[in-house]
Amino acid sequence: DYFGRKRFFMFAVVLYAICGALPFWLTDIHHILAARVVVGVAAAGSNPIAGALIADYFSGLERQKWMTLVHGSASLFSVTMFALGGFLGGSAAGWHAPFLVYGLALVFFPLIGLFIWEPTHVASTTASAAPASDTPFRWSRIADLCALTLVSAIMFFVVPVQISFLLNARGVATPETIGLCSAIANMGIPAGAFVFHRLASRPIHQLLAISFGLFATGFASIFHFRSVEATVIGAFIACAAGGMAMPLLQTWIMARLPVSHSGRGSGGVMGSFLMG
């Protein structure tokens, strides 16, 4: 809100790409971890800006559509990166190679420069260093939804974080196969986002109940059925639940706030998501 969306977005993307790819050349674990911390800071900067820009540019059903598209397209991109990372992990360079995929973020730097514009209310605030709205921002307006986002994020991250270890424990040994299975499972995220978009006319609490039910179904399937195929299917169902829950909660939070508070609202939802 104070530095402007576009400049900070471009800075965060460059930082993400450079520090994300650095472990390809690094060997000391402390240096690698330091680079990963900076990647986290860059992601924590760029993700809320994307959400805030959508809230600035659109409202109502248009905003909901674009929130869904963002989550769906980001998930498709991450699925591609899972598969590519698995392929690179099996190359001669070994586990260092998958870090190179972060460098692809630089492709978006000129696109942001060309196609992203600074919303009027942010530009005027930045120029005057005064709030664009006299309405005070109250965290209490979105605290319950931020708490739900945190709980949803804990469940959402189980599959991306744990599936490679789980598949390995269940007999999958090669990085290529683990990457492919992870990609198939994570295809559930855009599938869930699409379902959310199709069911958007239903009451929000019903959609959230469906999402949490899918989480439970997916995790129960992973727990009870130990084959690799059943593990991937259960993970797909859990990812579909996350694909529904995250755009739903983000849209819900942004709908409670005036446009002048979209930056802090987006920061709240993404902060809760990343904390989870």
Side-chain angles (χ1 to χ4, degrees), residues 1-17 19-20 36-60 62-64 66-71 73-75 78 105 108 112 116-157 160 193 204 208 242-243 245-276:
D1 286 340
Y2 285 99
F3 296 106
R5 309 262 199 264
K6 185 172 179 176
R7 285 186 300 173
F8 201 57
F9 203 9
M10 296 176 79
F11 171 74
V13 166
V14 171
L15 195 65
Y16 182 87
C19 292
R36 300 303 296 166
V37 169
V38 179
V39 168
V41 171
S46 60
N47 288 336
I49 294 172
L53 284 170
I54 291 172
D56 293 331
Y57 294 165
F58 307 103
S59 61
E62 278 290 291
R63 178 186 292 176
Q64 182 176 290
W66 283 102
M67 289 285 188
T68 304
L69 281 171
V70 163
H71 283 273
S73 61
S75 303
S78 68
F108 295 97
I112 294 170
I116 296 297
W117 69 93
E118 197 73 66
T120 305
H121 73 89
V122 177
S124 62
T125 301
T126 306
S128 65
S133 170
D134 293 330
T135 307
F137 179 81
R138 293 189 179 91
W139 283 107
S140 58
R141 296 182 68 175
I142 60 172
D144 56 338
L145 298 183
C146 285
L148 271 175
T149 301
L150 187 145
V151 173
S152 300
I154 291 171
M155 295 186 287
F156 177 89
F157 277 115
I204 288 177
L208 197 61
M246 301 325 298
L248 166 63
L249 287 164
Q250 188 169 13
T251 304
W252 198 355
I253 285 174
M254 302 310 280
R256 285 190 179 181
L257 300 171
V259 68
S260 57
H261 293 160
S262 60
R264 277 168 286 188
S266 186
V269 66
M270 290 309 304
S272 302
F273 175 72
L274 295 172
M275 193 179 298

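Values in this document were obtained by computation on a predicted structure and should not be read as measured data.
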**OP:** May I ask you to test the Gln250-Ser266 pair for a side-chain heavy-atom distance under 4.5 Å?
**Re:** yes
Subject >> Test item: Leu53 and Pro119 side chains (from C-beta on) under 4.5 Å apart, heavy atoms >> reply: yes
Original post:
Does the side chain of Met67 reach to within under 4.5 Å of the side chain of Met254, using non-hydrogen atoms?
Top reply: yes
Original post:
Mind checking whether Met246 and Phe156 have side chains closer than 4.5 Å, heavy atoms only?
Top reply: yes
Original post:
Looking only at heavy atoms, what is the nearest atom pair of Pro247 and Gly242, with distance?
Top reply: CD-O, 4.2 Å
Original post:
Nearest 0.5 Å, what's the CG-CG distance between Leu274 and Leu150?
Top reply: 10.5 Å
Original post:
If every non-hydrogen atom of Val269 is compared with every non-hydrogen atom of Thr149, which pair is closest and at what distance?
Top reply: O-CG2, 3.6 Å
Subject >> Between CD1 on residue Ile142 and CG on residue Leu257, distance to nearest 0.5 Å >> reply: 5.0 Å
Original post:
Got a second to check how far Glu62's CD is from Ile54's CD1, nearest 0.5 Å?
Top reply: 11.5 Å
Original post:
If you look at every heavy atom in Gly276 and Ala153, which pair is closest and at what distance?
Top reply: CA-CB, 3.9 Å
Original post:
Around atom CH2 of Trp66, are there more than 12 heavy atoms of other residues, nucleotides or ligands at under 6.0 Å?
Top reply: no
Original post:
Side-chain donor-acceptor pair under 3.5 Å between Arg5 and Ser262, yes or no?
Top reply: yes
Subject >> Nearest heavy atoms of Leu249 and Leu145, plus distance in Å >> reply: CD2-O, 4.3 Å
Subject >> Ala12 to Ala42 - nearest heavy-atom pair and separation >> reply: O-CB, 3.5 Å
Original post:
Is the CZ atom of Phe58 crowded by more than 12 outside heavy atoms at less than 6.0 Å?
Top reply: yes
Original post:
Rounded to the nearest 0.5 Å, how far apart are CZ of Arg63 and OH of Tyr57?
Top reply: 13.5 Å
Original post:
Is the shortest heavy-atom distance from the side chain of Val38 to the side chain of Tyr16 under 4.5 Å?
Top reply: no
Subject >> Min side-chain heavy-atom separation Val14-Phe11 under 4.5 Å >> reply: no
**OP:** Kindly assign one of parallel, tilted or perpendicular to the pair Phe137 and His261, based on the angle between their ring planes and the thresholds 30° and 60°.
**Re:** perpendicular
Original post:
Which residue pairs satisfy the salt bridge (charged side-chain N to carboxylate O under 4.0 Å, His left out) criterion with at least one member in residues 141-151, sequence neighbours excluded?
Top reply: Asp144-Arg256
Subject >> Heavy-atom closest pair, residues Asn47 and Met270 >> reply: CB-CE, 3.5 Å
Subject >> Point-to-point distance, once rounded to the nearest 0.5 Å, from CZ of Phe9 to CD1 of Ile112 >> reply: 4.5 Å
